[in-house]
Amino acid sequence: MKRVIPPVKGTRDFYPEQMALRTWLYGMMRQVSESFGYQEYEAPILESLELYAAKSGEELVKEQAYVFTDRGGDAITLRPELTPSLARMVAQRQKELVFPLRWWSFGPFWRYERPQKGRTREFFQWNVDMIGVNSPEADAEIVAVLVSFFRQVGLRPEQVLVMVNNRRLMDARFDAFEIPPTMRPAVSTWIDRREKMEPKEWLAYGREIGLSERQLGQIGEMLEDRELWRRSEELIRFFAATQAMGIGDYVRFEPSIVRGLLYYTGTVIEAWEVGGEIKRAILGGGRYDNLLADVGGEPLPGVGFAMGDVVITLILEKYGLLPQNLNVYPARILVTVFDQDHLLESFKLADELRSAGLKVACYPEAAKLPRQFRYADRMGMQAVLVLGPDEMANGTVTVKDLRQGAQVQVARREAAAFLKEMLARRA
RNA sequence: GUGCCCAUAGUUCAAUCGGCGGAACGUCUGACUGUGGAUCAGAAGGAUGUGGGUUCGAGCCCCACUGGGCACCCCA
């Protein structure tokens, strides 16, 4: 065979089977989002580099974003995340939008990375955000939306958990430990690294970034403190709200959650698989109270999260929660073409059935009947219709039920009703 | 961007020490001239990812590239 041009590295082809799965996921997200009153929106795939330059984090913009110069000489980015676009869209219509604003979206994103398990270069992401309120209860609602999704797809708290921390709480502790603001990004990275390193190594790394022995001890102790959240008024209210909303069993305080994005200001969240087999965050999010002002709007607080399709699919697969019988073949009925002389009459019959509201495929040429029946079988059809000389002579069509193997002749004008009843019986 | 592993028919995989590339499934044809699946018979299908090197001889050994997998980095 000649060489087929391969797909771009890190992209995935969605054949009908995969597309059905993506559509299913999308449907779950829509159902959950709308149940909380969120409105769907979409932003452009292309954004100016400037939009991300300020706040998305060095690594994300400088090393992972797809950036190119367009024919007009502008620096354009394939969006690596949605939140800056959302901030821009809200800032543009800030005076006329109704707040608090609840919006959700599902679409493609790009990051230039080495593809591996749970990570591709092109991926789809579900974004849910509430803008215009800065209460901890709003943070809790955002978490309730994603927990509602977990429940909807059948994930239990023994399988996935939402880890919660708060940047202001951490800043207060860093103040108390006399860690200067300039050191904090490095300290955050260091904290994030703890689970992955040997304790000795980790401490050595801490000294390397300039922490004193006293500070090392204080931070180590802080990370063990499961009650630390009681020092944060915001987290006290947050956890009270999650209890009230009945999602407490999915939510844990976790002081080592820091998140890489620079624009988070308060509560931050990440969801992880409990078994620890899939070592990748299922989703991430948090409160960003300065982002609107940063893209040129009036100050307005926001909170939200993003979940990628790749990791959640791995999780669902691991726990056997992917749907099994997705509808890959829409039509359940095939109209065969008896021979060249009956071709147009078959097309006409198919049209009559569609007008009656049925999903019908017609074989597109005169071929041997066995071939047409085999086609119907492989396309998962339930009924095959034959319109030959006998049927034409007495105004009938022959309907064969592929599941049962039996066939009958019915009056052509009653065919649609007959088929509807047959399909309903099977459903 | 760094490291390790992998690449043979449409698919999943064989091929002994470096010695004429095979099987299963799938596909196509027929058994069946107005009927799918099951069964049986037959057929087609490959410059062994690309480019170089070693050798009398390379699917097999060496190098580079491309793609894939895994880990790091980072993150959805």
Side-chain angles (χ1 to χ4, degrees), chain A residues 1-12 15 25 29 56-65 79-83 105-128 146 188-189 192-193 196-197 257-261 269-273 278-285 304-315 334-339 342 363 366-393 397-409:
Chain A
M1 197 180 81
K2 278 186 277 185
R3 176 178 162 277
V4 178
I5 295 167
V8 171
K9 181 175 181 144
T11 61
R12 293 164 293 164
Y15 288 83
L25 255 187
M29 291 163 180
S56 289
E58 295 259 319
E59 173 98 15
L60 184 59
V61 177
K62 288 191 179 157
E63 290 172 37
Q64 296 185 349
R79 63 183 190 186
E81 58 159 336
L82 188 61
T83 312
S105 186
F106 180 71
F109 296 85
W110 293 266
R111 292 182 192 175
Y112 192 84
E113 302 182 276
R114 279 287 282 269
Q116 57 187 266
K117 190 170 188 170
R119 190 173 73 187
T120 57
R121 287 182 172 179
E122 179 182 63
F123 57 97
F124 284 74
Q125 205 172 256
W126 179 37
N127 278 260
V128 179
L146 67 92
S188 294
T189 305
D192 194 45
R193 211 60 61 79
K196 296 173 183 170
M197 299 177 84
I257 296 294
V258 289
R259 312 262 330 127
L261 296 175
I269 61 170
E270 271 177 17
W272 288 83
E273 190 234 338
I278 296 166
K279 297 180 172 49
R280 213 168 276 285
I282 301 168
L283 57 86
F305 71 87
M307 182 177 85
D309 68 312
V310 184
V311 178
I312 191 65
T313 301
L314 281 178
I315 303 277
L334 179 76
V335 176
T336 58
V337 175
F338 188 80
D339 57 23
H342 292 78
Y363 206 84
K368 289 180 179 174
L369 275 182
R371 167 175 287 276
Q372 299 186 51
F373 269 80
R374 191 157 14 110
Y375 177 78
D377 188 51
R378 289 180 190 179
M379 295 294 284
M381 302 277 184
Q382 192 172 334
V384 176
L385 273 57
V386 179
L387 187 56
D390 297 349
E391 289 84 356
M392 286 303 290
V397 296
T398 296
V399 178
K400 178 163 184 176
D401 184 331
L402 286 188
R403 307 269 173 90
Q404 307 206 324
Q407 67 180 40
V408 291
Q409 280 196 19

**Student:** In the structure shown, which nucleotide is the Watson-Crick or G-U wobble counterpart of C61(B), with both distances under 3.5 Å?
**Tutor:**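 C61(B) is paired, partner G53(B).
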**Student:** Between G21(B) and U16(B), how far is it from one C1' atom to the other, in whole Å?
**Tutor:**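 Nearest-Å result for G21(B) against U16(B) at atom C1': 14 Å.
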**Student:** Tell whether Arg114(A) reaches the base of U2(B) with its side chain through a donor-acceptor pair below 3.5 angstrom.
**Tutor:**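 Result: at least one qualifying N/O pair found.
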**Student:** If the threshold is 4.0 Å, N to carboxylate O, is there a salt bridge linking Lys368(A) and Asp339(A)?
**Tutor:**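 The answer is no: the pair does not qualify as a salt bridge.
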**Student:** Please classify the nucleic acid contact of Gly380(A) as base, sugar-phosphate, or nothing, using heavy-atom distances under 4.0 Å.
**Tutor:**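 Result for Gly380(A) = nothing.
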**Student:** So does Gln372(A) reach the base of U35(B) with its side chain, donor to acceptor, closer than 3.5 Å?
**Tutor:**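 Answer is no: no donor-acceptor pair is held.
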**Student:** Taking the six-membered ring for Trp, are Phe124(A) and Phe109(A) ring centroids under 6.0 Å apart?
**Tutor:**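 Ring centres of Phe109(A) and Phe124(A) not closer than 6.0 Å.
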**Student:** Which nucleotide, if any, forms a Watson-Crick or G-U wobble pair with G22(B), using both distances under 3.5 Å?
**Tutor:**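 The base-pairing partner of G22(B), which may sit in any strand shown, is C13(B).
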**Student:** Ignoring hydrogens and angles, are the base of G36(B) and the side chain of Lys400(A) linked by a donor-acceptor pair under 3.5 Å?
**Tutor:**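 When only heavy-atom distances are counted, Lys400(A) does reach the base of G36(B) through a donor-acceptor pair under 3.5 Å.
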**Student:** Taking any heavy-atom pair under 4.0 Å as a contact, classify Glu391(A): base, sugar-phosphate, or nothing.
**Tutor:**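 It contacts base atoms.
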**Student:** Taking the nucleotide of RNA chain B with the closest heavy atom to each, which residue, Ala281(A) or Val8(A), is nearer the 5' end?
**Tutor:**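 In this pair, the answer is Val8(A).
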**Student:** Does C74(B) have OP1 or OP2 under 4.0 Å away from a side-chain N or O of Gln64(A)?
**Tutor:**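 No, outside the criterion.
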**Student:** Can you check A43(B) for me, syn or anti if syn means within 90° of 0?
**Tutor:**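 That one's anti.
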**Student:** Regarding Thr336(A), tell me which of base, sugar-phosphate or nothing describes its non-hydrogen contacts under 4.0 Å with the strands shown.
**Tutor:**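 Nothing, no nucleic acid heavy atom in range.
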**Student:** On a whole-Å scale, what distance lies between the P atoms belonging to U48(B) and A58(B)?
**Tutor:**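 Nearest-Å result for U48(B) against A58(B) at atom P: 12 Å.
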**Student:** Who is the Watson-Crick or G-U wobble partner of C32(B), with both distances under 3.5 Å?
**Tutor:**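 Its partner is none (no Watson-Crick or G-U wobble pair with both distances under 3.5 Å).
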**Student:** Looking at Glu113(A) and Arg121(A), is there a salt bridge between them, counting it only when a charged N and a carboxylate O are closer than 4.0 Å?
**Tutor:**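 Looking at Arg121(A) and Glu113(A), the cut-off is not met.
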**Student:** Considering only the C1' atoms, how many Å lie between C60(B) and C17(B), rounded to the nearest integer?
**Tutor:**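 Comparing C1' positions in C60(B) and C17(B) gives a spacing of 11 Å.
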**Student:** Would you mind classifying the nucleic acid contact of Arg119(A) as base, sugar-phosphate or nothing, using non-hydrogen atoms under 4.0 angstrom?
**Tutor:**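 Here Arg119(A) touches the bases of the nucleic acid.
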**Student:** Taking any strand in view, what nucleotide pairs with C4(B) in a Watson-Crick or G-U wobble way, both distances under 3.5 Å?
**Tutor:**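 With both distances under 3.5 Å, C4(B) matches G69(B).
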**Student:** On a whole-Å scale, what distance lies between the P atoms belonging to U50(B) and A9(B)?
**Tutor:**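 U50(B) and A9(B) have their P atoms separated by 11 Å.
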**Student:** In whole Å, what is the span from the CG atom of Leu402(A) to the C1' atom of A38(B)?
**Tutor:**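 Distance, rounded to whole Å: 15 Å.
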**Student:** Quickly work out the Lys9(A) NZ to G68(B) C1' distance and round it to whole Å.
**Tutor:**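 Rounded to whole Å, this separation is 8 Å.
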**Student:** Checking contacts here: which listed nucleotide (C28(B), G34(B), A76(B)) is nearest the side-chain heavy atoms of Leu369(A)?
**Tutor:**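 Among C28(B), G34(B), A76(B), the one nearest the side chain of Leu369(A) is G34(B).
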**Student:** Between A64(B) and C28(B), how far apart are the two C1' atoms, rounded to whole Å?
**Tutor:**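 It works out to 41 Å between them.
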**Student:** Please answer whether G34(B) and Phe338(A) are stacked, defined here as ring centres separated by less than 5.5 Å and planes angled under 30°.
**Tutor:**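 No, Phe338(A) does not stack on the base of G34(B).
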**Student:** Roughly how many Å apart are G68(B) and A76(B), using the P atom of each and rounding to a whole number?
**Tutor:**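 The answer is 22 Å between these two P atoms.
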**Student:** Whole angstroms only, please: what is the CD-P distance between Gln407(A) and U35(B)?
**Tutor:**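 Rounded to the whole Å, the gap is 9 Å.
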**Student:** Looking only at heavy atoms, what is the nearest atom pair of Ala376(A) and Val384(A), with distance?
**Tutor:**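 Nearest heavy atoms, Ala376(A) then Val384(A): CB-CG2, 3.5 Å.
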**Student:** Test Asp377(A) against Arg403(A) for salt bridge (Lys or Arg N to Asp or Glu O under 4.0 Å), laying out the working first.
**Tutor:** CA-CA 9 Å; Asp377(A) 188 51; Arg403(A) 307 269 173 90; over 6 Å; no
**Student:** From the options C74(B), U35(B), G37(B), select the nucleotide whose nearest atom is closest to the side chain of Phe373(A).
**Tutor:**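 The closest nucleotide is U35(B).
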**Student:** What is the distance from CZ of Arg12(A) to C1' of G67(B), rounded to the nearest Å?
**Tutor:**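 About 17 Å, once rounded to whole Å.
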**Student:** What are the two closest heavy atoms between Gln409(A) and Glu391(A), and how far apart are they?
**Tutor:**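 Answer, listing the atom of Gln409(A) first, then Glu391(A): NE2-OE2, 4.1 Å.
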**Student:** What's the closest nucleotide to the Thr189(A) side chain, out of A76(B), C70(B), C74(B)?
**Tutor:**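 Nearest to the side-chain atoms of Thr189(A), counting from C-beta on, is C74(B).
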**Student:** Under 4.0 Å from OP1 or OP2 of G36(B): is there any side-chain N or O of Lys368(A) that close?
**Tutor:**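 For G36(B), OP1/OP2 do not have a side-chain N/O of Lys368(A) under 4.0 Å.
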**Student:** Among the nucleotides G69(B), A71(B), G37(B), which one has an atom lying closest to any side-chain atom of Gln116(A)?
**Tutor:**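 Nearest listed nucleotide: A71(B).
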**Student:** Of all the choices, G37(B), C75(B), C28(B), which nucleotide is nearest to the side chain of Arg280(A) once you look at every atom?
**Tutor:**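 Nearest to the side-chain atoms of Arg280(A), counting from C-beta on, is C75(B).
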**Student:** CZ of Arg374(A) versus P of C32(B): gap in Å, rounded?
**Tutor:**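 Roughly 16 Å, once rounded to whole Å.
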**Student:** Hydrogens and angles aside, do Thr398(A) and Gln407(A) bring a side-chain donor and acceptor to less than 3.5 Å of each other?
**Tutor:**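 No.
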**Student:** Once you apply a heavy-atom cut-off of 4.0 Å, does Ile282(A) come out as touching a base, just sugar-phosphate, or nothing?
**Tutor:**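 The answer is sugar-phosphate, as Ile282(A) gets under 4.0 Å only of primed atoms, P, OP1 or OP2.
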**Student:** C65(B) and C4(B): how far apart are their P atoms, nearest whole angstrom?
**Tutor:**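 It works out to 13 Å between them.
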**Student:** Please confirm whether the shortest side-chain N or O distance from Lys117(A) to OP1 or OP2 of A71(B) is below 4.0 Å.
**Tutor:**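 Checking Lys117(A) against A71(B): no side-chain N or O falls below 4.0 Å of OP1 or OP2.
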**Student:** Grab the CD-P distance between Glu270(A) and C75(B) for me, whole Å please.
**Tutor:**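 Rounded to whole Å, this separation is 9 Å.
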**Student:** Roughly how many Å is it from CE in Met381(A) to P in G37(B), rounded to a whole number?
**Tutor:**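 So the two atoms are 16 Å apart, to the nearest Å.
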**Student:** Assign Ala306(A) to base, sugar-phosphate, or nothing according to its heavy-atom contacts below 4.0 angstrom with the strands shown.
**Tutor:**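 Answer is sugar-phosphate: Ala306(A) comes under 4.0 Å of backbone atoms only.
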**Student:** Between C62(B) and U55(B), how far apart are the P atoms? Round to whole Å, please.
**Tutor:**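 About 16 Å, rounded to a whole number of Å.
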**Student:** Tell me: CE of Met29(A) to C1' of A76(B), nearest whole Å?
**Tutor:**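 Spelled out: CE on Met29(A) to C1' on A76(B) is 10 Å.
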**Student:** To the nearest 0.5 angstrom, please state how far the CE atom of Met381(A) sits from the CG atom of Leu402(A).
**Tutor:**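 Reported to 0.5 Å precision, the distance equals 9.0 Å.
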**Student:** Return the nearest nucleotide to the side chain of Arg193(A); candidates are C28(B), C74(B), U35(B).
**Tutor:**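 Selected nucleotide (nearest to the side chain): C74(B).
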**Student:** Report which part of the nucleic acid Asp309(A) touches: base, sugar-phosphate, or nothing (heavy-atom distance under 4.0 Å, all strands).
**Tutor:**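 No contact.
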**Student:** Under a 3.5 Å cut-off for both distances, is A43(B) Watson-Crick or wobble paired, and to whom?
**Tutor:**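 By the stated definition (distances under 3.5 Å), U27(B) pairs with A43(B).
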**Student:** Could you tell me if the ring centre of Phe305(A) sits under 6.0 Å from that of Trp126(A)?
**Tutor:**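 Centroid distance Phe305(A)-Trp126(A): below 6.0 Å, so yes.
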